[in-house]
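Worksheet: one structure, shown below.
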2 protein chains.
Amino acid sequence: MLELSFNQETVHKLLQASDKPLKAYNILFETQKLGIKSPTQVYRALDKLIELGKVHKIESKNAFVACSKINCSNQNSTFFLICDNCENIIELEDQEITDQLNKTCERFGSTYKNHTIEISGTCSSCN
Amino acid sequence: MLELSFNQETVHKLLQASDKPLKAYNILFETQKLGIKSPTQVYRALDKLIELGKVHKIESKNAFVACSKINCSNQNSTFFLICDNCENIIELEDQEITDQLNKTCERFGSTYKNHTIEISGTCSSCN
DNA sequence: ACATGTAATGTTATATTGTTACATCATTAA
DNA sequence: TTAATGATGTAACAATATAACATTACATGT
């Protein structure tokens with residue numbers, strides 16, 4: 001999987017150009033002039049981009065952001081600071097937190113697959 | 001706010017009796033025989049219960065669980081292990097993780113309000 | 001060139017999740 | 001009594017996400 005399809009590329013570019021998470025139907029609206037016509041197409045593109053680690057879903061907002069890293073191995077060890085006020089979002093990586101969560105899983109005999117870590121508050125500009 | 005209203009009580013009891021997260025419309029179906037009739041009523045009850053710390057929303061599943069603690073101060077320092085297979089869910093508290101996230105926020109000049117931490121994987125029974 | 005398999009696409013319809021708006025009722029505090 | 005508050009009921013609706021199925025594009029082997 002080296003090349004993105006047209007729809008995937010279109011959705012990805014839009015997300016990269018945005019400084020905040022976009023909702024699926026906003027993506028649809030914005031890309032309609034470019035040829036994307038239905039929610040299905042948007043969701044399919046998003047699914048693929050997420051699978052490739054190029055996009056993350058912000059579960060607490062039902063919205064999507066482009067990965068800010070060169071090549072996100074996966075969603076592992078990634079987490080987000082989300083500003084309630086301006087919607088700015090910072091993507092961070094912290095292996096220590098992931099390790100700690102992993103350890104907790106082990107204690108419970110659980111197998112860790114992936115996680116959602118989303119911190120909401122207000123960012124430096126809004127404080 | 002000492003007493004729960006009938007709707008709140010009804011929703012809360014249902015969630016407490018469940019060993020896995022329930023979706024809003026499942027709650028609605030289950031409580032229709034008890035007198036709850038519309039989504040609004042369910043969501044209103046859920047909102048109040050969440051505000052009181054008696055219920056948590058599982059963002060990655062759009063579902064709701066009763067708080068497993070006596071009296072959850074708030075959603076702070078709480079996180080969840082969620083089994084992909086059997087949907088079993090374990091609610092945990094870990095001040096260290098919260099502290100670490102708080103520290104990270106400080107480094108970025110952000111103010112921490114609350115968080116969503118959801119770990120998916122398979123539980124001990126399903127491994 | 002042609003058949004075949006696979007992934008991506010287009011399109012329509014539908015399912016699921018969540019909210020708005022507004023009228024009513026009960027409680028209580030001035 | 002009146003005003004304020006909060007909970008309720010009801011209907012309509014908006015937003016988010018998926019299902020189903022026919023079609024197209026393209027790589028691969030023959």
Side-chain angles (χ1 to χ4, degrees), chain A residues 1-15 18 20-65 75 82 84 87 89 116 118 120, chain B residues 1-15 18 20-65 75 82 84 87 89 116 118 120:
Chain A
M1 211 341 141
L2 280 157
E3 303 235 349
L4 296 178
S5 73
F6 175 79
N7 287 354
Q8 291 157 11
E9 190 71 34
T10 303
V11 169
H12 191 216
K13 282 201 175 133
L14 181 66
L15 285 174
S18 171
K20 53 187 192 187
L22 297 180
K23 304 197 150 223
Y25 277 70
N26 290 143
I27 294 172
L28 175 57
F29 183 71
E30 292 295 325
T31 55
Q32 267 171 345
K33 47 192 146 241
L34 302 172
I36 292 182
K37 286 179 183 150
S38 74
T40 321
Q41 293 171 290
V42 172
Y43 282 108
R44 285 203 284 232
L46 287 170
D47 284 348
K48 186 48 117 182
L49 291 166
I50 288 168
E51 187 190 322
L52 295 172
K54 293 183 182 302
V55 164
H56 303 291
K57 177 169 188 182
I58 306 303
E59 298 285 357
S60 60
K61 295 184 118 33
N62 296 319
F64 304 85
V65 281
Q75 57 267 57
I82 305 163
D84 284 340
E87 302 185 77
I89 189 159
T116 299
E118 296 166 12
S120 75
Chain B
M1 211 342 140
L2 281 157
E3 303 236 350
L4 295 178
S5 73
F6 174 79
N7 287 354
Q8 291 157 11
E9 190 71 33
T10 303
V11 169
H12 192 216
K13 282 202 175 133
L14 181 67
L15 285 174
S18 171
K20 52 187 192 189
L22 297 179
K23 303 197 151 223
Y25 276 69
N26 290 142
I27 294 172
L28 176 57
F29 293 140
E30 293 295 326
T31 56
Q32 269 172 344
K33 48 194 149 234
L34 302 171
I36 291 182
K37 286 180 182 148
S38 73
T40 322
Q41 293 170 290
V42 172
Y43 283 108
R44 283 200 288 231
L46 288 170
D47 284 348
K48 188 48 120 182
L49 291 166
I50 288 169
E51 186 190 322
L52 296 172
K54 293 183 181 302
V55 163
H56 302 292
K57 178 168 187 183
I58 307 303
E59 298 284 358
S60 61
K61 297 183 119 27
N62 295 320
F64 303 86
V65 282
Q75 58 268 58
I82 305 163
D84 284 339
E87 303 185 75
I89 189 158
T116 299
E118 297 167 10
S120 75

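Sequence lines set the chain letters: A, B, ... in the order given, protein chains first and strands last, and positions in each chain run from 1.
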Report the nucleotide, chosen from D/dA17, C/dT19, C/dT11, that has the shortest atom-to-atom distance to any side-chain atom of A/Thr40.
C/dT11
Output the residues of residues 20-31 of chain A in contact with DNA chain D, where contact means a heavy atom of the residue under 4.0 Å from an atom of the strand; sort by number or write none.
A/Lys23, A/Tyr25
Examine D/dA11: is either OP1 or OP2 under 4.0 Å from a nitrogen or oxygen in the side chain of B/Ser38? Give yes or no.
no
In whole Å, what is the span from the CZ atom of A/Phe6 to the C1' atom of C/dA7?
18 Å
Whole angstrom is fine here: how far is it from CG in A/Leu52 over to C1' in C/dA8?
14 Å
Rounded to whole Å, CG of B/Asn7 lies from C1' of D/dG9 at a distance of 9 Å
Closest of D/dA17, C/dG18, D/dA20 to the B/Asn62 side chain is C/dG18
Can you tell me the distance, in whole Å, between the CD atom of A/Gln8 and the P atom of C/dA8?
6 Å
Would you mind reading off the distance between A/His12 atom NE2 and C/dA8 atom C1', rounded to a whole angstrom?
18 Å
What distance do A/Leu49 atom CG and A/Phe64 atom CZ have between them, rounded to the nearest 0.5 Å?
10.5 Å
Pick out which of B/Val55, B/Leu15, B/Ile58 makes a side chain to side chain contact (heavy atoms under 4.5 Å, CB included) with B/Val65.
B/Ile58
Where the side chain of B/Lys48 is defined as all heavy atoms beyond and including C-beta, which of C/dA8, D/dA7, C/dT11 is the nearest nucleotide?
D/dA7
Quick one: CD1 on A/Ile27 to CG on A/Leu22, what's the gap to the nearest 0.5 Å?
5.5 Å
Figure out the NZ/P separation between B/Lys37 and D/dA11, and round it to whole Å.
9 Å
Is the distance from OP1 or OP2 of D/dA17 to the nearest side-chain N or O of A/Lys57 less than 4.0 Å?
yes
Counting only distance, no hydrogens or angles, is the base of C/dG18 paired donor-acceptor with the side chain of B/Arg44 under 3.5 Å?
no
How long is the straight-line distance from OH of B/Tyr25 back to CD of B/Glu30, given to the nearest 0.5 Å?
15.5 Å
Checking the side chain of B/Lys23 only, and the main-chain atoms of B/Lys61 only, is there a donor and an acceptor separated by less than 3.5 Å?
yes
Whole-Å distance, B/Leu34 CG to D/dT8 P, equals 14 Å
Whole-Å distance separating the CD atom of A/Gln41 from the C1' atom of D/dT24:
13 Å
Is it the case that the side chain of A/Gln8 and the backbone of A/Ser5 share a donor-acceptor pair, with hydrogens and angles ignored and the cut-off at 3.5 Å?
yes
Selection from C/dT12, C/dT19, D/dA17 that lies nearest to any side-chain heavy atom of A/Tyr43
D/dA17
We want to know whether A/Ser60 and B/Glu59 form a side-chain donor-acceptor pair, criterion being a heavy-atom distance below 3.5 angstrom.
no
